[in-house]
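Worksheet: one structure, shown below.
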Amino acid sequence: QVQLVESGGGLVQVGDSLRLSCIASGLPFSSYGMGWFRQAPGKEREFVAAIAWGDGDTKYADSVKGRFTISRDDAKNTVYLQMNSLKPEDTGIYYCAGERYGQGYDNSDLYDYWGQGTQVAVSS
């Protein structure tokens with residue numbers, strides 16, 4: 001049974017940092033592409049960042065480039081999202097996702113497994 005479990009969300013102030021973690025089980029993590037998506041209240045889910053298998057080629061949404069960093073630790077079956085200089089528009093539920101092709105896509109339709117999400121709220 002595949003499980004993706006996110007943690008690290010919370011309520012922070014503008015300009016603060018958070019690190020989200022997602023621990024995967026039940027899948028060959030090192031060969032999977034992993035992504036982070038988010039959904040703000042009243043909005044559709046959107047791509048945030050993704051990382052491919054192996055050399056870990058990364059992709060970012062324009063809105064988070066230079067502020068967020070995605071990384072992975074295959075020994076721990078964990079993917080991280082370091083979020084710096086947080087803004088109110090970063091508020092939302094953050095979801096971790098895994099896709100079997102290992103490419104780290106920015107299209108949520110290409111992901112096979114999803115976590116339950118962790119809430120991030122940035123207060124001004």
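All values below come from the heavy atoms of this structure, side chains included, with hydrogens, waters and symmetry mates left out.
- Residues forming a side chain to side chain donor-acceptor pair (under 3.5 Å) with Tyr94 (at least two apart in sequence, or on another chain): Arg38.
- Taking 4.5 Å as the limit, every side-chain heavy atom of Asp16 sits out of range of all side-chain heavy atoms of Met83.
- Looking at residues two or more places apart in sequence or on another chain, you find a side chain to side chain donor-acceptor pair (under 3.5 Å) between Lys65 and Asp62.
- Heavy-atom contacts from other residues, nucleotides or ligands closer than 6.0 Å to CD of Glu89 number more than 12.
- The list of side chain to side chain donor-acceptor pair (under 3.5 Å) pairs with a residue in residues 102-124, not counting sequence neighbours, reads Arg100-Asp112.
- Ring to ring, Phe47 and Phe37 are close: their centroids are under 6.0 angstrom apart.
- Rounding to the nearest 0.5 Å gives a distance of 7.5 Å between CD1 of Ile23 and OH of Tyr80.
- Looking at Asp74 and Lys76, no side-chain N of the basic residue comes within less than 4.0 Å of a carboxylate O on the acidic one, giving no salt bridge.
- For the pair Gln39 and Glu46, the minimum side-chain heavy-atom distance is 4.5 Å or more.
- Gly26 and Val2 make their closest contact through O-CG2, 3.3 Å (heavy atoms, listed as atom of the first residue, atom of the second, distance).
- Between Leu20 and Val120 there is a side-chain heavy-atom pair separated by less than 4.5 Å.
- For Phe29, there are no ring pair (Phe, Tyr, Trp, His ring centres under 6.0 Å) partners two or more places apart in sequence or in a different chain.
- Under the 4.5 Å side-chain criterion, counting only non-hydrogen atoms from C-beta, Val14 is not in contact with Leu86.
- In this structure, the side chains of Ile70 and Phe68 stay at 4.5 Å or more apart for every pair of heavy atoms.
- Using a distance-only test at 3.5 Å, with no hydrogens or angles considered, a donor-acceptor pair links the side chain of Glu99 to the main chain of Gly104.
- Applying the side chain to side chain contact (heavy atoms under 4.5 Å, CB included) criterion to Gln82, with sequence neighbours excluded, gives Ser17, Arg19, Thr69, Asn84.
- Residues Trp36 and Val79 form a side-chain contact, since some pair of their non-hydrogen atoms from C-beta on lies under 4.5 Å apart.
- Annotation: salt bridge (charged side-chain N to carboxylate O under 4.0 Å, His left out) contacts of Asp57 (sequence neighbours excluded): none.
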